[in-house]
Every structure is written in structure tokens, then in C-alpha cells.
Novice: 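Below you'll find the structure I mean.
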Number of protein chains: 2
Amino acid sequence: MRKSTLRDVSRATGLSIFTVSKALNGGEGVSELSREQVLKAARELGYIPNRAAQELRKASRDSIAVVTASTSNSYYLDLMAGIQQMLQPSDWTVVVGDVAVNGAYDPALEDRMIRRLIESRTAGVISTLRLSFDNTQLLERWGVPLVFVDSSPPEDKPSLPSVTTDNYNASLMVGEHLAGHGYKRWLFLVYPSKWTSRFDRERGIRDAARFHGAHVDVIESENDPASASAAFADYLAAQGRLPDVLITGNTPLLLGAMTLVRQRAIRIPDDMALIGFDEFAWAPLIDPPVTVLNERSEEIGRVAARTLAAIIASQTEAEARGQPANPQYLPQYRQQVPAALVVRRSCGCGGGPHPFVAKETSR
Amino acid sequence: MRKSTLRDVSRATGLSIFTVSKALNGGEGVSELSREQVLKAARELGYIPNRAAQELRKASRDSIAVVTASTSNSYYLDLMAGIQQMLQPSDWTVVVGDVAVNGAYDPALEDRMIRRLIESRTAGVISTLRLSFDNTQLLERWGVPLVFVDSSPPEDKPSLPSVTTDNYNASLMVGEHLAGHGYKRWLFLVYPSKWTSRFDRERGIRDAARFHGAHVDVIESENDPASASAAFADYLAAQGRLPDVLITGNTPLLLGAMTLVRQRAIRIPDDMALIGFDEFAWAPLIDPPVTVLNERSEEIGRVAARTLAAIIASQTEAEARGQPANPQYLPQYRQQVPAALVVRRSCGCGGGPHPFVAKETSR
DNA sequence: GGTTTCCTCCTAAACGTTTAGGTTTTACCG
DNA sequence: CGGTAAAACCTAAACGTTTAGGAGGAAACC
């Protein structure tokens, strides 16, 4: 049994390739009889269209890419869920492109990925990290709309859309909570600035510390647990004592820090309090349950997907009117999603079996 | 700035399309001067080839698909890592196809996915779940090699390759450990048989129970935490008391069960012991640290990828000799990877700060 | 009977590459 | 300078679709 083409179906039915194509795609101008014959023959021959040929002919763009690094971060799964939810119905194909090898971001991989996406004439891109200037340039040149999530565009392209947590206010809120506990010496363990949410988070923490008369040390680690563990250990070795509270920039860093905490038998929150960015499924089950800033990645995904879809729609509409097909980026496409603090035990809040309070950042 | 084609580059250089193509692809028979000119022009024009056209012409098959459901299960990330590791160097593109919507497996989605994969002339498929007979049939008809991981082929196609954990022996080992603790009443909370690893796991647990004179109840839950929680609650309501030990079939089910455990303030391992299938990053940090059967998904991924690559290679070789291009499935393609028991505290093993013992299933 | 209208179906030209086979140019040699 | 071989390049045909434009015939109208 061999791979069959439209021509095979055409031969089998005695109808022309044109008619067969029309019949299969539900077009007008085909008699019911012919259509039935075609469908029957196609089924029997196991005909499945060749997508490459379709795309070539239709210049079709029906897939959307999500660019990500360090997929192991669980927020990414929620993000994807949000995106899928929004895009599935209008049947876009969502593909994910990982630009990390063995968990570490690789610029060469970023270049390769963007090229690939253009090669396959992707309709739009959602990126979880700041892309290089050249790559945003390239996408623009090829008229591929781009939306950043949880990250901001390169400085030279400030008008590009982005959907982020309200990181600054969220961090202020975290700081306020810590100050409420009376902690004076904070440690912020954070990932590299390739993930640009770092800037606002760090700024918020620093401002909160200044405002509340606390001192904050910031240490940077690669975006994986092992590096985080090492960075934390180095800090402790240099300082000789624990901070009042450790703030971890995201879940992989939290995992790394917790591993060291366990090894050194550090008691939380007695010896040191702990608070983390990003909610995750196991947080309530850890010993002790971890207080966390929930950044609502699913909602972020939905907003980003909706935005991208809108841009593409207006683009194809302009194209239909024969106008230049460059994506139009409106100012209102820069959006922030509020975050909520999920208070558990690690921050020092005592509590019954389920200490669970949620506050929201004001918008 | 508009999208440029080979023809544009050709016009810009005064060379023919043929020469331009050769030059870009590093082919012979192009003078150094011409090549330079072509590369320069291509760069200036921002030329990027159209993949659809290339694929159509070359009938190229350079991507491999991983079919999965319920991505949220973290073992899948390790699996992917193993596959990528093996396939990245030979520059296959690995795409993942999720056949679950909102975490729930959907047969219609499976059909759609397989069709899509054939449409895009995917070179090979790795599936984490048993596919329908029709779909395996379809893939076979189109000459697309198929390897199952952590799951087995439909009964009608027993010769298809599969790479699984040595689930039966692993389960025996789990049972033996439980018997060693003297537990007599076991509860096995397990996912639906769509994921075929269930069969061997259940059989192993049952055999071990029989051998050691224990009683085992098996309850089935959908493959997500909420369902697991509900199923466990139902069981408790019906029984009126806790089992000696709860065995969870995978990580999402463990999460669901643990959530209920926390709600009901069940003390582990005092009130009930706990042991789970599949290792995951947070297991050592849970309260108490969870004893787990580590199924080595990364290794499974590597083996599966290697097997698939071998099948494809022999297939293309046969094709080159003008022979039938159906994939050849050899008996040795059915492989089992040993698993290891990671003993922590939840099973009742007391222990210092790091009770960490690893045993392997004998092969 | 001639004209118009409507259906159904067809031919042929694209889409942007790769490649088989051929032709021109260049380089070299006697 | 003629002849030959290699190098450089070209023309044209494919790959499997979709689609613009039109042919053919039957029914409907005058």
C-alpha cells in the first residue's frame, strides 16, 4: 500500500484533480454524486494531503510558536495551557521551541530557532524571553508578529507588545509582607537578566527594603537548581550567617535553595524564613508549606494569545486590502496581569492546617 | 522590506536560480567569486528559504514527533530530555503532540494528531500511550515508523517496538519492600489502562501481595490530581479505615492523594505508609520525603530515540536500494529498562536526614 | 430555434525549491 | 591555433497542491 496523492484519487474516480480537490475541501460546484465518489476513493486509498504542497500553494500560515528556555520551570506548563485554551478553537497549531540545551540558554540556538520559524512561515511568535535585537529585526522584516510574555522587548524596540505580571507591585507586596514580619536582612536569589522580569522584581524588592528600612543582598544564579544551590552556598560561606529571609526568584531556584536548606538542616522559618516567586503544585506539601507569589501564568498565556491573534487578524485584513502587511503594534498591547500572594508557613506566618490567604496587587 | 525568494537573490546577482541554490547549499561547481556574491546578496536581502517548497521538492522527512497526553506529568520532561539528547546531534527536529485537552485524553484529538503528522510527512513517531488500531494502521500504511515508550502496542500489532520500564519486576520489588515492613492491607491507586504500563504494574503488585500474603485493593482514577483525590476519598468513605500503605501509580495521582492526606491530617507513615511510582524533583522535600520507584525516563527516552533512528536509517537505506520502504521491526526492538527503588521516609523506613538507598531491578 | 443562465467540470498556471541533463566558458596541452 | 577536458553555469522539469478562467452541456426563457 503506497502513499497516495490527489492524482491517484483523480485516476481512481475518473474526475480531474481540480474536482477532487474541490470535493475534499467542501467547495461549491461539485455534484453530490461526484463528491461521494471522491470521498469514498480517498478513504479507500488512505489519501492524506501533503501539507508542504498546501502550504506552498496557499502561502498558508497556520501555526504559532512559543519560544522558551528551561522548560523545566513549571510556570511554563500553565502558560502553555492558557495559550492553547485561547488558540485551540480557532485551530491554530501551537508549536513550542526550546532554545535551551540541557537546561542552559544558548544564543546560537535562539538564532537557529528564529530562522526555522521563518523558514516554516510561522504566523506569529510568543516569546518567554527577550530576543536578540537581530532576531526581532528579522521577524519584523518578515512581517511575523511578536508578543513577549513575562519578559520585555529589547530596548531598541520598546513598542513591541508584552504581557507580564505586574512584577514591580508584586515585589513591593512581597517586601511589605516581609517587613510585617520584622525581617531586616533579606537575601534575593535571582536568575539572569535574559529573563527580563528580573528587573522589575529586583527593583520592587529593593524599593520595599529601602522603604521599610531593611537591607537586601541580591545574588544571581543560572536558571537551574544546581547553580542556585551553589550560589546560595557561596553566599553563606562569605557571610558566615543566615539572612532573616530568603526570597527565591522562581521555582527552579527555590528547588536548589531548598535542597541546600535540607542538607544543612536549616529550620524554616525558625532559622530563616522563605518566600518564593511563582506558585506550583507541590508548594503546599513541602515541609514547611511555601509562601509564594502566584503570578497567574495561565491568565498571562490567555492574554498573550488573544493579543497575538488580534494582531494577526488585523494584519491579514490589511493584506486583503492590499496594504503593507507589517504587523501594527498598538500601545494598549502592553499589558500587565495582577499577581496574588499565597501565604503559607515558610514566611513565618504560623497557622492552622491551611493558612491560605490571597491578596491581589492593585492594578 | 519584503519577503525575498531565491528568484530575488538570482536577480540581484545576475546568476541563475540554480547557481544561487547550489551556492547557498554549499554544493560543488560554483566559483568562489559567485558564491561570495550570492551569500552577500542573500544576507542583504534577508533571504530565508521557504521550507514548504524545500520539503515538497525533496520529499524531506526531517522531523520526529512525540505523542503524549497529560504533559503535566513531570516524567515526560525527563523523557523529552533523553530523546532530545539522542536526536539533537543528527539534527532532527523533535516536535511534541499533546492529545489531551485540559489534561484529559481525547480520542478525537489522537486521530487529528496522527493525521497532522502524516500530512507533514513526519519521519517517525514516539508515542507515550497506546494508539488506536486504526491509527497504527494508518502510520504503517504511510510507512511511518512507530516506537512506543512506557506503553505497549495494540494487541493486534504485537511486533511494534516498545521501550518500557521493567514494570513487572519493579512492582515486585515495591511489593517486597512493603512486605518487609509487614504491611498487610495495600491500596493501589492507578491510572486508566490507556497508559499500558498499568498492566504490568498492577500484575506485579498483585503477585507480590499474593506471594507475601497481603491483601491489595486496586482503584482506578483518571490521570489527574483532582480525580485521584476524589477516588481516594471515595475509597476511604466506603472502607471506613485507612489501608496500611497507599501505592500511587504515578506523580499526578500522588499529588492528588497527598492533597487529601493533608486535608484529613493523615500522618505519614504513622497512620498510613506511602510509596509512589516515578521519581520527581520535589520528592525529597515533601513532608515526609516520599519513597519512590525511579523509572529512569531519561534513559527510556534515549533508548527509544536510538531505536527509532535505527529503524529510519535502515528504512532510508532500503529505499535507496529501491526496495519496499516499509519499516522493519526487529524483535530486539522491544526493550526494557531497569528501575530503581529510592527509599525515603514515607514508606516507614526511619532514617537520618538522608535515608537514600537505591536498589535495581535485576534484568 | 436561438439566446441566456446555470451547473459541473476541466485545462493550465502558479507557489519556491531541487536536480537531471545540457551548454557555454575557461584552462590547459600539444 | 586546434582540440579537449574540466569547471561554471543554465534550462527545464519536477514535487503536490490550489485557483483563475473557461469549456461544455442541459435547462429555461424568449
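Naming convention: chains lettered A, B, ... in sequence-line order (proteins, then strands); numbering from 1 in each chain.
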Novice: What is the distance, to the nearest angstrom, from the NZ atom on A:Lys22 to the P atom on D:dT19?
Specialist: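 These atoms are roughly 7 Å apart.
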Novice: Regarding D:dT18, can its base be found pairing with the side chain of A:Arg57 as donor and acceptor, where the two atoms are less than 3.5 Å apart?
Specialist: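 Yes, the side chain and the base share a sub-3.5 Å donor-acceptor pair.
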Novice: Select from A:Gln54 and B:Ser16 the residue whose nearest nucleotide in DNA chain D is closer to the 5' end of that strand.
Specialist: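 First, find each residue's nearest nucleotide; the 5'-ward one identifies B:Ser16.
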Novice: Would you mind telling me which of D:dC9, D:dT17, D:dT18 lies closest to the side-chain atoms of B:Val30?
Specialist: D:dC9
Novice: Quick one: do A:Glu298 and A:Arg302 make a salt bridge, cutoff under 4.0 Å?
Specialist: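 A:Arg302 and A:Glu298: salt-bridged.
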Novice: Return the value, rounded to whole Å, for the distance between atom CZ of B:Arg35 and atom P of D:dC9.
Specialist: 10 Å
Novice: When the distance from CG of A:Leu56 to C1' of C:dG16 is rounded to whole Å, what number comes out?
Specialist: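 Roughly 5 Å, once rounded to whole Å.
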Novice: Phosphate oxygens OP1/OP2 of C:dC15: is one of them under 4.0 Å from a side-chain N or O of B:Asn50?
Specialist: no
Novice: Calculate the interatomic distance between A:Arg7 atom CZ and C:dT11 atom C1'; express it in whole Å.
Specialist: 14 Å
Novice: From D:dA8, D:dA20, C:dA20, pick the nucleotide closest to the side chain of B:Phe18?
Specialist: C:dA20
Novice: Does the pair A:Arg130/A:Glu155 count as a salt bridge with the N-to-O cut at 4.0 Å?
Specialist: yes
Novice: Distance-only, no hydrogens or angles: does the A:Thr316 side chain make a donor-acceptor pair with backbone N or O of A:Ile312 under 3.5 Å?
Specialist: yes
Novice: When you check the phosphate oxygens OP1 and OP2 of D:dT19, does a side-chain N or O of A:Ser21 lie under 4.0 Å from one of them?
Specialist: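 Checking A:Ser21 against D:dT19: no side-chain N or O falls below 4.0 Å of OP1 or OP2.
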Novice: What's the CD-P distance between A:Glu32 and C:dC9, to the nearest Å?
Specialist: 11 Å
Novice: How many whole angstroms separate atom CG of A:Leu6 from atom P of D:dC15?
Specialist: 13 Å
Novice: Atom CD of B:Glu55 to atom P of D:dT17: distance rounded to whole Å?
Specialist: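 Rounded to the whole Å, the gap is 14 Å.
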Novice: Considering every strand and a 4.0 Å limit on heavy-atom distances, what is the contact class for B:Leu15: base, sugar-phosphate, or nothing?
Specialist: sugar-phosphate
Novice: Output the rounded distance in Å from CD1 (B:Ile17) to P (D:dA13).
Specialist: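 So the two atoms are 15 Å apart, to the nearest Å.
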Novice: Do the side chains of B:Glu140 and B:Lys157 get close enough for a salt bridge, i.e. N-O under 4.0 angstrom?
Specialist: yes
Novice: Within the pair B:Ser31 and D:dA8, is there a side-chain N or O less than 4.0 Å away from OP1 or OP2?
Specialist: no
Novice: I need the A:Thr196 OG1 to A:Phe148 CZ distance, nearest 0.5 Å.
Specialist: 8.0 Å
Novice: Between D:dT18, C:dC9, D:dC9, which one does the side chain of A:Ser34 approach most closely?
Specialist: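 Looking only at heavy atoms from C-beta outward on A:Ser34, the closest nucleotide is C:dC9.
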